[in-house]
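This report concerns only the one structure given below.
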2 protein chains.
Amino acid sequence: MKLTSKGRYAVMALADLAQFDSINPVSLRDISLRQGISLDYLEQIFLKLKKNQIVKSIRGTHGGYVLSKKPNEIKLNNIFYAVDEKVKTVQCKKESKKGCNGKATKCVTHNLWDELETHINSFFEKKSLEDLLKENIERRI
Amino acid sequence: MKLTSKGRYAVMALADLAQFDSINPVSLRDISLRQGISLDYLEQIFLKLKKNQIVKSIRGTHGGYVLSKKPNEIKLNNIFYAVDEKVKTVQCKKESKKGCNGKATKCVTHNLWDELETHINSFFEKKSLEDLLKENIERRI
DNA sequence: ACATTCCTGACTAAATTGGTCAAGTATAGA
DNA sequence: TCTATACTTGACCAATTTAGTCAGGAATGT
Ligand code: FES
Ligand code: FES
């Protein structure tokens with residue numbers, strides 16, 4: 001079970017945005033430099049974040065991105081959903097009555113993985129971008 | 001974030017074992033047929049489970065595998081540890097003081113992922129093979 | 001002897017990841 | 001108006017990981 005860079009980068013970048021977008025829009029170049037993430041890769045990520053109304057874009061010189069909601073309204077699961085970083089624990093299709101391995105009934109572990117998925121998602125639903133920033137400020141003090 | 005088949009199979013196979021090993025050792029062939037898992041792949045998995053003292057092997061005709069502890073003593077994290085299915089959320093090396101992206105300090109999200117890792121692992125530490133079986137019996141009634 | 005089952009290492013096809021590259025379009029400021 | 005900056009979009013790709021397969025051997029019960 002591991003977190004992919006896409007999800008990690010999305011959250012890093014948005015945390016960066018939340019810190020710096022209050023005065024001016026933040027360019028991907030700045031984020032790239034500050035956070036050490038490939039600019040080209042960031043572009044892919046922000047395209048998705050924009051489609052999901054998590055950020056707004058401003059083109060042209062001194063353009064960049066701005067959060068489209070307040071940090072406390074952006075939960076981690078919104079971010080993950082936007083960049084298709086989904087938590088997938090079961091093998092089978094959930095809607096189908098068939099199990100993994102193609103059998104007619106769900107396997108012994110099916111329900112366990114489903115519980116796990118819920119457990120993990122509850123973490124993402126609770127945490128907002130604001131929580132993340134707060135913790136970081138406290139840490140510095 | 002997804003669970004790999006290796007981890008899923010290991011738990012499925014051990015659940016099968018727990019159900020059937022009380023009288024005779026269970027052969028991988030049986031597990032393979034019942035659970036629909038490749039025999040060759042199961043062999044790789046059981047090698048690791050054996051090295052970690054989760055199962056014992058009996059060779060020869062009518063041989064097979066048996067749990068080496070009681071189902072309530074085998075927690076999911078023991079199983080996952082045995083087959084190297086680790087939960088990995090941070091990018092950086094935890095011990096090192098350096099961050100991901102090679103910077104001198106940990107990134108903004110580091111602590112968040114660490115919390116997530118703890119959150120997930122607590123699920124695995126709580127659940128035992130016995131819990132899994134119990135839930136399944138209840139479900140059938 | 002022989003069938004069964006565990007044991008072990010080497011190999012591989014397919015999918016996923018984590019990007020890069022190229023070619024735009026829009027806008028601000030000189 | 002020209003140009004630099006920055007977003008937009010699609011195509012492409014190398015490296016890694018996953019989920020196995022294959023081939024052979026070693027132990028043991030009948
Ligand atoms: S994971 Fe859903 S049936 Fe096995
Ligand atoms: S994940 Fe540890 S420093 Fe970024």
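The figures that follow rest on heavy atoms only: side chains count, while hydrogens, waters and symmetry mates do not. Everything numeric in this text was worked out from a predicted model, so none of it was measured.
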Salt bridge A/Glu85-A/Lys48, side-chain N to carboxylate O under 4.0 Å: no
Whether A/Ser27 contacts D/dC7 is assessed here as follows: a side-chain N or O lying under 4.0 Å from the phosphate OP1 or OP2. Is that the case? no
Rounded to whole angstrom units, what separation is found between the NE2 atom of B/His62 and the C1' atom of C/dC2? 14 Å
Among the nucleotides D/dC7, D/dG29, D/dT18, whichever has the atom closest to the side chain of A/Lys2 is D/dT18
Using whole Å, report how far CG of B/Leu42 lies from P of C/dC7. 13 Å
Need to verify one output field. Residue with the more 5' nearest nucleotide on DNA chain C, B/Ser57 or A/Arg8? B/Ser57
Rounded to whole angstrom units, what separation is found between the CG atom of B/Asp84 and the C1' atom of D/dT17? 13 Å
From CD1 of B/Ile58 across to P of D/dT30 the rounded distance in Å is 13 Å
A side-chain contact here means heavy atoms from C-beta on lying under 4.5 Å apart; do B/Asn24 and B/His62 qualify? no
Nearest-Å distance for atom pair NZ/P, residues A/Lys86 and C/dT16: 11 Å
Would you check if B/Asn78 and B/Lys75 make a side-chain contact, meaning some heavy-atom pair closer than 4.5 Å? yes
When rounded to whole Å, the CG to C1' distance for the pair A/Asp40 and D/dA6 reads 13 Å
Can you tell me if B/Ser38 touches the phosphate of D/dA19, counting only side-chain N or O atoms and a distance under 4.0 Å to OP1 or OP2? no
Can you name the one residue among A/Ile74, A/Ile79, A/Val83 that meets side chain to side chain contact (heavy atoms under 4.5 Å, CB included) with A/Val11? A/Ile79
Tell me whether the side-chain N/O atoms of B/Ser5 come closer than 4.0 Å to OP1 or OP2 in D/dA19. yes
For A/Tyr9, answer base if it contacts any base atom (sugar-phosphate contacts may also be present), sugar-phosphate if it contacts only those atoms, and nothing otherwise; contact means non-hydrogen atoms under 4.0 Å. sugar-phosphate
Want to settle it: does B/Gly60 or A/Gln44 sit nearer the 5' end of DNA chain D, counting the closest nucleotide to each? A/Gln44
Between C/dG9 atom P and B/Lys48 atom NZ, what is the distance in whole Å? 12 Å
A/Lys50 vs D/dT8: side-chain N/O to OP1/OP2 distance below 4.0 Å: yes
Side-chain donor or acceptor of B/Glu43 under 3.5 Å from a matching atom on the base of C/dT5? no
Can you identify which nucleotide, out of C/dA3, D/dA4, C/dT5, has its nearest atom closest to the A/Thr61 side chain? D/dA4
To the nearest Å, give me how far apart CZ (A/Arg59) and C1' (C/dG29) are. 17 Å
Using a heavy-atom cut-off of under 4.0 Å over every strand shown, decide if A/Tyr65 touches base, sugar-phosphate, or nothing. sugar-phosphate
Would you mind classifying the nucleic acid contact of B/Val55 as base, sugar-phosphate or nothing, using non-hydrogen atoms under 4.0 angstrom? nothing
Can we say B/Lys126 and B/Asp131 salt-bridge, meaning some charged N sits less than 4.0 Å from an Asp/Glu carboxylate O? no
